[in-house]
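Below you'll find the structure, written out as structure tokens, and then a few comments.
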Amino acid sequence: MGPGPSRAPRAPRLMLCALMVAAGGCVVSAFNLDTRFLVVKEAGNPGSLFGYSVALHRQTERQQRYLLLAGAPRELAVPDGYTNRTGAVYLCPLTAHKDDCERMNITVKSDPGHHIIEDMWLGVTVASQGPAGRVLVLFSETITVAKRMQYLCFLQT
């Protein structure tokens, strides 16, 4: 052949494609923010799905610190007489301790005649607005009057 761009051999691309098909088409990737200082946090309730959603947040009021926001959408409810399981969001400082997370104080009252918060999956999504910003928490509740489900957001400053 004469001068001009040369083409890469097709064998490596075909091999990669065949490998992906053999793996069921699933491509999974993960990352670690810091390989020297591992942050491992554990929940008290193994069925809570602790860590289902995670976000990094920088707290600037009352105390300057970085926190991991960890959603636990199947966490047991704070006892109120109506509800067993609501979900929760935990504030976890970036420390080497596994059990120093504290439950975020989010109060949603159950009213069996109007709305039900049982299994509302509080903490299914968590996000931070950034330094000195708010924390966003998504959850759902069932409206018994209309027999429909609605999704609500809770903003914590």
Side-chain angles (χ1 to χ4, degrees), residues 17 19-157:
C17 189
L19 215 86
M20 286 179 63
V21 170
C26 296
V27 177
V28 177
S29 65
F31 67 94
N32 192 351
L33 299 176
D34 189 346
T35 58
R36 288 176 283 176
F37 179 69
L38 300 177
V39 177
V40 178
K41 303 295 179 182
E42 293 179 351
N45 178 9
S48 69
L49 299 181
F50 177 84
Y52 186 86
S53 57
V54 178
L56 182 64
H57 180 67
R58 183 174 170 199
Q59 179 182 348
T60 57
E61 291 183 24
R62 294 185 302 267
Q63 186 178 0
Q64 297 279 332
R65 62 182 180 163
Y66 284 95
L67 297 167
L68 283 178
L69 306 172
R74 301 281 297 147
E75 182 62 86
L76 298 174
V78 175
D80 66 355
Y82 297 108
T83 317
N84 298 312
R85 184 181 306 274
T86 57
V89 176
Y90 287 90
L91 304 172
C92 304
L94 296 179
T95 63
H97 302 287
K98 290 184 177 184
D99 58 354
D100 60 350
C101 296
E102 60 185 68
R103 189 174 183 149
M104 187 184 251
N105 185 18
I106 300 175
T107 305
V108 181
K109 300 282 185 196
S110 185
D111 177 8
H114 178 64
H115 61 95
I116 299 171
I117 61 172
E118 181 76 32
D119 282 325
M120 70 178 183
W121 278 63
L122 177 65
V124 70
T125 301
V126 295
S128 173
Q129 195 176 25
R134 296 178 178 174
V135 172
L136 172 84
V137 178
L138 180 69
F139 62 94
S140 64
E141 70 174 357
T142 303
I143 307 297
T144 56
V145 175
K147 296 196 191 271
R148 64 182 167 90
M149 183 175 288
Q150 68 180 8
Y151 296 92
L152 305 171
C153 292
F154 177 81
L155 286 173
Q156 173 86 20
T157 53

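Any value given below was found using the heavy atoms of this structure, including those in side chains, with hydrogens, waters and symmetry copies removed. All residue numbers in this chain count up from 1 along the given sequence.
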Legend entry - Residue among Lys41, Glu75, Glu42 satisfying side chain to side chain contact (heavy atoms under 4.5 Å, CB included) with Phe50: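 Only one of Lys41, Glu75, Glu42 forms a side chain to side chain contact (heavy atoms under 4.5 Å, CB included) with Phe50, namely Lys41.
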Looking at [X] and [Y], what are the two nearest heavy atoms and their distance?
| X | Y | result |
| --- | --- | --- |
| Val39 | Thr95 | CG1-O, 4.1 Å |
| Ala77 | Thr83 | CB-O, 3.8 Å |
| Thr86 | Met120 | O-CG, 3.4 Å |
| Pro73 | Gly123 | CD-O, 4.3 Å |
| Ser128 | Leu69 | CB-CD1, 4.4 Å |

Inset, instruction - Measure the spacing between CG of Leu67 and SG of Cys101 and express it to the nearest 0.5 Å. - result: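 Result: 9.5 Å between the selected atoms.
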Legend entry - Atom pair CZ (Arg134) and NE2 (His57), whose distance is rounded to the nearest 0.5 Å: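 So the gap between those two atoms works out to 11.5 Å.
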Inset, instruction - Please check if the side chain of Arg85 supplies one atom and the backbone of Arg74 the other of a donor-acceptor pair under 3.5 Å. - result: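 Yes, Arg85 side chain to Arg74 backbone: donor-acceptor pair under 3.5 Å.
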Inset, instruction - Apply side chain to side chain contact (heavy atoms under 4.5 Å, CB included) to the pair Val135 and Met104, showing each step before the final yes or no. - result: CA-CA 11 Å; Val135 172; Met104 187 184 251; 3.8 Å; yes
Inset, instruction - Let me see the working for Arg103 and Val78 under side chain to side chain contact (heavy atoms under 4.5 Å, CB included), right down to the final yes or no. - result: CA-CA 10 Å; Arg103 189 174 183 149; Val78 175; 3.8 Å; yes
Inset, instruction - May I have the step-by-step check of side chain to side chain contact (heavy atoms under 4.5 Å, CB included) for Leu68 and Leu94, ending in yes or no? - result: CA-CA 7 Å; Leu68 283 178; Leu94 296 179; 3.6 Å; yes
